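This report concerns only the one structure given below.
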Amino acid sequence: MYRYFGELLTRGAGSVLASGCSAADSALPASASLLRYRGYSQAVDRDNDPNFFSMVEGFFDRGAAIVEDKLVEDLKTRESPEHKRKRVRGILRIIKPCNHVLSVSFPIKRDTGEWEVVEGYRAQHSQHRTPCKGGIRYSTDVSVDEVKALASLMTYKCAVVDVPFGGAKAGVKINPKNYSDTELEKITRRFTIELAKKGFIGPGIDVPAPDMSTGEREMSWIADTFATTMGHYDINAHACVTGKPISQGGIHGRISATGRGVFHGIENFINEASYMSLLGMSPGFQGKTFVIQGFGNVGLHSMRYLHRFGAKCVGVGELDGSIWNPDGIDPKELEEYKLANGSIVGFPDAAPYEGSILEAECDILIPAASEKQLTKSNAHKVKAKIIAEGANGPTTAEADRIFLERNIMVIPDMYLNAGGVTVSYFEWLKNLNHVSYGRLTFKYERDSNHHLLSELASTRFQVSLPAPSSITFSHLSLQCRSRRVWSGSLGNTVAPFPSSPPLSSRPGSLCVRTRLLLPLSFRCLLLLLWCCNSVFGFQGASEKDIVHSGLAYTMERSARQIMRTANKYNLGLDLRTAAYVNAIEKVFKVYSEAGLTFT
């Protein structure tokens with residue numbers, strides 16, 4: 001049931017310690033010694049509230065330092081080794097900065113008759129793949145630095161999960177709770193026009209998506225505004241944004257995509273026996289407790305899927321308060337309570353939690369709120385053994401170092417919350433193809449499955465047995481004949497369903513009694529299939545089925561890549577650096593093979 005990636009992690013750590021660490025390091029945990037071996041501590045910003053974009057650049061530098069030699073070695077040119085290294089370092093310098101940042105200010109007339117000027121930003125980090133991709137958030141904390149950092153994270157996130165987009169991000173500096181729906185529509189539509197005027201939105205240029213405090217409604221306004229103005233003659237105009245309602249070209253499964261991706265990401269690592277052995281935990285979700293910070297879209301759906309697969313939520317925290325129940329909190333009941341009351345505070349099946357929910361006792365901690373929540377001031381107090389980053393950038397570099405020293409596994413945001421952009425990619429493709437997934441194959445697959453069951457139901461069977469004295473289950477066999485009758489030495493046919501005529505037999509014969517075992521089990525199997533066909537129709541794959549399958553496959557494949565890289569470079573539990581290494585290699589390859597214009 002559980003995978004075992006091998007004893008590579010402990011062996012890899014051991015080899016590094018044996019070859020490169022001093023005797024003083026031998027007293028440290030393996031992860032701490034690895035950090036010192038790689039010079040990690042010199043790369044850490046020790047400020048408790050570091051600049052967000054600088055923090056992301058620091059993580060990039062760590063990954064680049066590890067992979068640089070391999071990039072030089074793999075470069076297939078006729079240049080000298082010195083020029084190869086200069087080329088590699090040059091391309092790495094190209095990848096790192098943010099390419100374009102747009103800052104806009106525009107007026108709106110409020111419902112009260114007052115006028116207000118609204119600020120907004122859009123950052124495009126990289127165009128190594130187009131279009132650029134990234135969400136739009138509404139928050140008073142929005143700044144140029146924040147959108148640049150989030151845009152760069154989007155570039156690396158897309159590369160990690162093999163989604164062919166560059167990274168981008170947008171923010172509007174408002175608190176949406178202070179505005180009416182009419183005012184929010186005005187702001188959203190005007191911001192869309194400002195982006196379009198400067199070429200910062202379009203199906204092949206830049207494709208926004210939902211983010212903090214935005215959702216289907218805002219994306220629908222954006223799509224409609226673009227399609228009726230700048231994209232009036234573009235048949236693909238509605239592909240200018242993803243996360244839309246189904247009626248506007250959206251895709252089934254997009255709302256829950258990020259939370260579902262968080263679940264799949266945790267699943268891939270928690271079922272890996274080698275990683276769980278390093279943490280002193282058993283594989284699987286059963287018996288595991290988790291705490292969520294932030295009960296928005298990501299937190300809610302992460303909680304749902306984890307709860308469904310056997311994990312127990314013991315705490316939930318939000319800006320206005322936290323709740324705690326060691327016996328578990330039901331996600332459906334909590335969702336209904338918040339919808340009715342506007343807050344989780346006062347939820348009847350849980351007690352108020354005093355203190356920081358990030359420091360609560362649990363196995364898995366899921367920060368799903370905002371950036372820089374785990375810092376050097378609280379990293380020592382975290383009790384979880386697994387930190388699953390549902391939010392973007394919740395862990396500072398110094399906190400990340402502390403977690404590795406404490407042997408805590410951090411599943412990085414650039415992998416874990418990539419479910420949203422993955423399903424956005426599916427929606428974008430759907431809009432370009434102008435046909436929903438499964439529409440062309442659904443009926444064909446359903447009819448094929450039904451035909452297969454009908455053929456099985458019309459088939460008659462007969463069992464071939466050896467002499468009674470030597471019967472074993474390995475001897476029971478079925479041999480197919482061209483006339484669809486399974487014949488054997490006893491000459492008795494067996495119909496697959498209970499309504500068929502009774503079996504002929506010879507009472508008192510051991511051979512006959514044993515002969516009945518296999519046909520009856522086979523009949524039961526066919527009966528079960530027939531019932532499933534009657535109830536569920538054995539239909540073909542729907543759009544939601546295809547989306548869920550594609551997301552699960554993407555998250556599993558990307559997790560495998562991160563594990564292999566962590567083993568290859570002896571990174572131990574440093575999954576973040578492994579993910580950055582993967583992203584850098586992929587983005588570097590695009591720049592290297594495409595070449596550069598006008599250098």
Side-chain angles (χ1 to χ4, degrees), residues 3 129 133-135 153-154 156-165 167 207 209-211 215-216 219 239 241-246 249-272 285 296-309 311 331 366 368 388-392 411-433 435-439 441-442 445 540-563 575 579 582-583 586:
R3 299 183 298 270
R129 298 282 197 195
K133 193 81 183 73
L153 276 174
M154 279 300 301
Y156 309 134
K157 183 186 301 184
C158 291
V160 165
V161 293
D162 296 305
V163 170
F165 290 143
V207 181
D211 199 85
E216 283 188 336
M219 300 307 108
V241 66
T242 59
K244 304 180 293 293
I246 300 298
I251 194 169
H252 290 89
R254 176 60 183 88
I255 294 176
S256 63
T258 306
R260 191 179 183 95
V262 168
F263 161 72
H264 283 305
I266 298 172
E267 178 187 37
N268 286 317
F269 284 94
I270 207 168
N271 285 339
E272 188 58 58
F285 285 112
N297 179 276
V298 178
L300 166 62
H301 289 100
S302 301
M303 183 179 177
R304 275 182 173 176
Y305 290 115
L306 289 169
H307 176 80
R308 187 178 300 173
F309 281 80
I366 306 175
E389 296 183 335
N392 289 307
I411 307 177
D413 53 348
M414 58 188 299
Y415 160 71
L416 195 68
N417 63 29
V421 73
T422 301
V423 177
S424 281
Y425 174 51
F426 299 158
E427 180 180 336
W428 182 71
L429 291 176
K430 173 186 176 180
N431 294 157
L432 297 183
N433 291 328
V435 62
S436 61
Y437 293 101
R439 177 165 183 175
T441 59
F442 183 84
E445 291 177 357
S542 66
E543 181 173 84
K544 182 179 286 188
D545 295 330
I546 294 171
V547 167
H548 287 173
S549 175
L551 175 58
Y553 171 69
T554 297
M555 298 302 291
E556 181 180 354
R557 182 178 64 175
S558 301
R560 297 284 105 192
Q561 293 173 356
I562 292 172
M563 292 178 193
L575 303 178
N582 285 347
K586 294 173 184 178

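Given the structure is predicted, the values throughout are model-derived calculations rather than measurements.
The CD atom of Glu556 lies 10.0 Å from the CG atom of Asn271; values are rounded to the nearest 0.5 Å. One distance of note links CD1 of Ile366 with CD of Glu389; it measures 11.5 Å at 0.5 Å rounding. The CD1 atom of Ile411 sits 7.0 Å away from the CG atom of Leu575 when rounded to the nearest 0.5 Å. Note: Leu416 CG to Met414 CE = 12.0 Å, rounded to the nearest 0.5 Å. Note that the CZ atom of Arg308 and the OH atom of Tyr305 stand 5.5 Å from one another [nearest 0.5 Å]. Interatomic distance, Ile546 CD1 to Thr441 OG1, rounded to the nearest 0.5 Å: 5.5 Å.
You'll find the side chain of Lys586 reaches within 4.5 Å of the side chain of Gln561, heavy atoms only. Residues His252 and Ser436 have side chains not in contact (no heavy-atom distance under 4.5 Å, counting atoms from C-beta outward).
Although no hydrogens or angles enter the test, the distance criterion places a donor-acceptor pair under 3.5 Å between the side chain of Asn297 and the main chain of Ile255. In this structure, the side chain of Lys133 does not engage the main chain of Met154 through any donor-acceptor pair within 3.5 Å. Between the side chain of Tyr415 and the backbone N or O of Met555 there is at least one donor-acceptor pair closer than 3.5 Å. No donor-acceptor distance shorter than 3.5 angstrom exists from the side chain of Glu543 to the backbone of Ile251, with no hydrogens or angles considered. Ser558 places a side-chain N or O within donor-acceptor distance of the main-chain N or O of Val160, the cut-off being under 3.5 Å.
Residues Ala559 and Asn268 come closest through the heavy atom pair CB-CB, 3.7 Å. Tyr437 approaches Leu429 most closely through the heavy-atom pair OH-CB, 3.4 Å. Scanning both residues, Pro412 and Ala579, for their nearest heavy atoms gives CG-CB, 4.2 Å. Among all heavy-atom pairs drawn from Gly390 and Val262, the shortest one is CA-CG2, 4.1 Å.
Other residues, nucleotides and ligands contribute more than 12 heavy atoms inside 6.0 Å of the CZ atom of Arg557. More than 12 heavy atoms of other residues, nucleotides or ligands shown are found within 6.0 angstrom of CG on Leu300. Other residues, nucleotides and ligands contribute more than 12 heavy atoms inside 6.0 Å of the NE2 atom of His548.
In this structure, Glu267 does not pair ionically with Arg260, as no charged nitrogen and carboxylate oxygen lie closer than 4.0 Å.
Close placement of the Phe285 and Phe263 rings is indicated, their centers lying within 6.0 Å of each other.
Checked options Leu153, Val421, Thr422; the residue passing with Cys158 is Val421 (criterion: side-chain contact (heavy atoms from CB on, under 4.5 Å)).
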